[in-house]
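The first residue of the sequence shown is numbered 1, and numbering continues consecutively from there.
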Amino acid sequence: MKPLLLGITGASGLIYAIRSIKYLLEADYQIELVASRSTYMVFQAEDQIKLPSEPEEQEAFWREKSGVPTAGKLRCHRWADVGANIASGSFRTQGMLIIPCSMSTVGKLAAGLSGDLLERAADVQLKEGRKLVIVPRETPFSLIHLRNLTTLAEAGAAIVPAIPAWYHKPQSIEDLVDFVIARALDRLDIDCIPLNRWKSDES
C-alpha cells in the first residue's frame, strides 16, 4: 500500500485532523504527515495545547490525541523541510488529504506557490496527476475564496467543504466530524469510517 499524505493547516477545527488520523491508523494505513506553521498557533489558541516541533515527539503527540498508540504507520515532517521525501514527485503516494485547509493555503496552492513542505507536497500531487483532496474550513466564502477553490478544482483537486449532513442521524459532534472525513476519504477510495450512508439499508 502506497503512503497517504496528510496535510494539516491553521484553519479552525483541528478535530477533523485528529479524527482522520485515528481512523487511518486504525485501518493500518501509512501516513506521511506535515502540519503547517500556523497549525501550531491555532492549537495553542483553540485548545491551549502546544504541538511539538520535533518529528518523533509530534508522532507521539498525534497518536496520543487520536487514541491509537501502535496501529498503522505514522511519520511526521517539519513544516520547513522542503527536502523531505514527500516534496518529490518520485516519492509515490496514493494521494494527499489536507484537513482542515485554510484559505491562505488554498490561495497559495491556487497560485502555484510552494513556500513550505505542505504546499510543495500538494503541488507535487497536482503536477503528478495524483489525487489531492482539500477540506476547506471557512464561512462565508468570499469571491476570492471561491475563485481560488475553482482554480484548484480545475487543476484536478477535489473540494470537500467541512459541511456535515443530517440523514445519518448524528448523535454527537464526532458524528458530524466523521461524516465530513468519510466523504473526503471517499475521494481517495478509502472506506474506513463507520457511516450510515444514504439509504444504505435498502437492497
Side-chain angles (χ1 to χ4, degrees), residues 3-26 29-69 71-88 91 93-110 113-126 130-138 152 157-162 177-178 180-181 184-185 188 190:
L4 175 69
L5 308 191
L6 182 63
I8 305 170
T9 76
S12 181
L14 292 171
I15 187 174
Y16 287 105
I18 293 171
R19 300 286 289 182
S20 297
I21 295 168
K22 165 185 166 60
Y23 286 113
L24 289 167
L25 289 179
E26 286 178 344
Y29 278 87
Q30 177 182 342
I31 304 172
E32 300 280 341
L33 186 151
V34 56
S36 71
R37 184 179 185 182
S38 59
T39 304
Y40 295 75
M41 295 181 283
V42 171
F43 245 130
Q44 186 69 42
E46 287 193 345
D47 299 307
Q48 292 74 55
I49 295 174
K50 184 176 181 181
L51 176 63
S53 58
E54 291 301 315
E56 294 79 10
E57 295 176 7
Q58 196 175 122
E59 177 185 334
F61 171 89
W62 291 117
R63 284 189 174 277
E64 178 186 359
K65 289 299 175 186
S66 63
V68 186
K73 296 180 181 179
L74 175 64
R75 176 163 52 182
C76 297
H77 301 272
R78 293 182 178 87
W79 64 269
D81 186 12
V82 293
N85 56 352
I86 62 175
S88 172
F91 182 73
T93 74
Q94 60 180 301
M96 182 175 187
L97 170 64
I98 305 179
I99 183 169
C101 189
S102 68
M103 288 299 105
S104 174
T105 300
V106 166
K108 292 173 184 175
L109 295 180
L113 301 177
S114 302
D116 63 17
L117 179 58
L118 189 153
E119 294 158 11
R120 171 59 185 169
D123 186 61
V124 165
Q125 304 311 299
L126 290 176
R130 298 174 189 156
K131 294 179 180 179
L132 174 63
V133 181
I134 294 171
V135 181
R137 215 301 316 153
E138 185 60 271
L152 288 176
I159 312 299
V160 185
V177 169
D178 291 352
V180 172
I181 299 170
L185 292 178
L188 291 158
I190 295 174

Quick one: pull up [atom1] in [X] and [atom2] in [Y] and give me the separation to the nearest 0.5 Å.
| X | Y | atom1 | atom2 | answer |
| --- | --- | --- | --- | --- |
| Q44 | L51 | CD | CG | 10.0 Å |
| L6 | C76 | CG | SG | 9.0 Å |
| I134 | L109 | CD1 | CG | 5.5 Å |
| M41 | S36 | CE | OG | 7.5 Å |
| I18 | E64 | CD1 | CD | 10.5 Å |
| E119 | S114 | CD | OG | 6.5 Å |

Query raised in the report: Is the F61 ring parallel, tilted or perpendicular to the F43 ring (thresholds 30°, 60°)?
Result: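 Geometry flag for F43 against F61: perpendicular rings.
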
Is a donor on one side and an acceptor on the other found under 3.5 Å between the side chain of [X] and the backbone of [Y]?
| X | Y | value |
| --- | --- | --- |
| R120 | V82 | no |
| T39 | A35 | no |
| Q58 | P52 | yes |

Over all heavy atoms of both residues, which pair between [X] and [Y] is shortest? Give the atoms and the distance, please.
| X | Y | value |
| --- | --- | --- |
| A121 | M96 | C-SD, 3.8 Å |
| I98 | L118 | CD1-CD2, 4.0 Å |
| L188 | G95 | CD2-CA, 4.2 Å |
| P100 | A11 | CG-O, 3.7 Å |
| I21 | S66 | CG2-OG, 3.8 Å |
| L126 | A157 | CD2-N, 4.0 Å |

Report summary line: Hits for side-chain hydrogen bond (donor to acceptor under 3.5 Å, both in side chains) against T93, two or more places apart or cross-chain, chain-then-number order -> Q125

Query raised in the report: With sequence neighbours left out, what residues match S102 under side-chain hydrogen bond (donor to acceptor under 3.5 Å, both in side chains)?
Result: T105

Query raised in the report: Under the side-chain contact (heavy atoms from CB on, under 4.5 Å) criterion, do Y29 and Y23 qualify, and how do the steps go?
Result: CA-CA 9 Å; Y29 278 87; Y23 286 113; over 6 Å; no

Report task. Apply side-chain contact (heavy atoms from CB on, under 4.5 Å) to the pair L4 and Q30, showing each step before the final yes or no. Result -> CA-CA 6 Å; L4 175 69; Q30 177 182 342; over 6 Å; no

Query raised in the report: For residues 37-54, which residue pairs qualify under salt bridge (Lys or Arg N to Asp or Glu O under 4.0 Å), counting only residues two or more places apart or in two chains?
Result: E54-R78

Query raised in the report: How far apart are the C-alpha atoms of L97 and L5, what are their side-chain angles, what is the distance that settles it, and do they pass the side-chain contact (heavy atoms from CB on, under 4.5 Å) test?
Result: CA-CA 6 Å; L97 170 64; L5 308 191; over 6 Å; no

Requested in this report: With the side chain counted from C-beta on, respond yes when I159 and P136 share a heavy-atom pair under 4.5 Å apart, and no when they do not.
Outcome: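 They are in contact (side-chain heavy atoms under 4.5 Å apart), so the answer is yes.
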
Query - Side-chain touch L33/H77, heavy atoms, less than 4.5 angstrom - result: no

Query raised in the report: Can you check side-chain contact (heavy atoms from CB on, under 4.5 Å) on R63 and L74, steps first, answer last?
Result: CA-CA 9 Å; R63 284 189 174 277; L74 175 64; 4.1 Å; yes

Requested in this report: Check I8, I49, T9 against L14 for a side-chain contact (heavy atoms from CB on, under 4.5 Å) and give me the one that passes.
Outcome: I8

